[in-house]
Amino acid sequence: MNYYAVIDTNVLVSALLRPKSIPGIVLKEALGGRVIPLLNSEILDEYGEDLSRRKFSFDQRNIRVVLDGLVKRTLFIDAGPVDEYLPDPKDVVFLCSYHGKTERSR
């Protein structure tokens with residue numbers, strides 16, 4: 001059985017910091033194809049920006065491998081409008097993606 005998920009950036013950060021954690025398992029399942037990531041260009045851009053922050057010291061090659069792996073397995077969606085309040089306005093893209101429609105599958 002496959003699962004579809006909008007994966008928050010913090011999940012990826014935690015997965016790379018602690019690969020054996022629950023977020024690490026989510027990333028492993030996404031890279032393995034059991035979890036199908038739902039993404040759009042805004043989310044992908046946020047992943048790249050946040051994972052490249054100096055404070056994490058992630059190797060750029062590892063970031064590229066993770067992002068390329070996710071993109072290969074992603075169902076790209078077109079985020080739709082949302083009339084809900086979120087404490088962190090940057091998270092609107094994740095909620096929009098959850099409620100969005102399929103843009104294209106790669």
(request) Walk me through it: do Asp50 and Arg53 pass the test side chain to side chain contact (heavy atoms under 4.5 Å, CB included)? (result) CA-CA 5 Å; Asp50 288 0; Arg53 288 185 180 168; 3.1 Å; yes

(message) Quick check: is Ile7 connected to Tyr4 through a chain of hydrophobic side chains (ILVMFWY, heavy atoms under 4.5 Å apart)?
(response) yes

Using atom types as modelled, flag every donor-acceptor pair under 3.5 Å from a side chain in residues 56-71 to any protein atom, sequence neighbours excluded.
unit_1	atom_1	unit_2	atom_2	d
Ser57	OG	Arg54	O	3.3
Asp59	OD1	Arg61	N	2.7
Asp59	OD1	Arg61	NE	3.1
Asp59	OD1	Asn62	N	3.4
Asp59	OD2	Arg61	NH2	2.8
Arg64	NE	Asp68	OD1	3.1
Arg64	NH2	Asp68	OD1	3.4

Counting only pairs under 3.5 Å, give me each side-chain donor-acceptor contact of residues 12-24, with atom names and distances, residues two or more places apart or in other chains.
unit_1	atom_1	unit_2	atom_2	d
Ser14	OG	Asn10	O	3.0
Ser21	OG	Arg18	O	2.6
Ser21	OG	Gly24	N	3.2

(message) If hydrophobic clusters are built by linking Ile, Leu, Val, Met, Phe, Trp and Tyr wherever their side-chain heavy atoms come under 4.5 Å apart, do Val11 and Leu75 end up in the same one?
(response) yes

(message) Please determine whether side chain to side chain contact (heavy atoms under 4.5 Å, CB included) holds for the pair Ile36 and Tyr3, giving the CA-CA distance in whole Å, both sets of side-chain angles, and the decisive distance to 0.1 Å.
(response) CA-CA 6 Å; Ile36 309 299; Tyr3 299 92; over 6 Å; no

(request) Compare all side-chain heavy atoms of Tyr47 with those of Leu39 and state whether any distance is below 4.5 angstrom. (result) yes

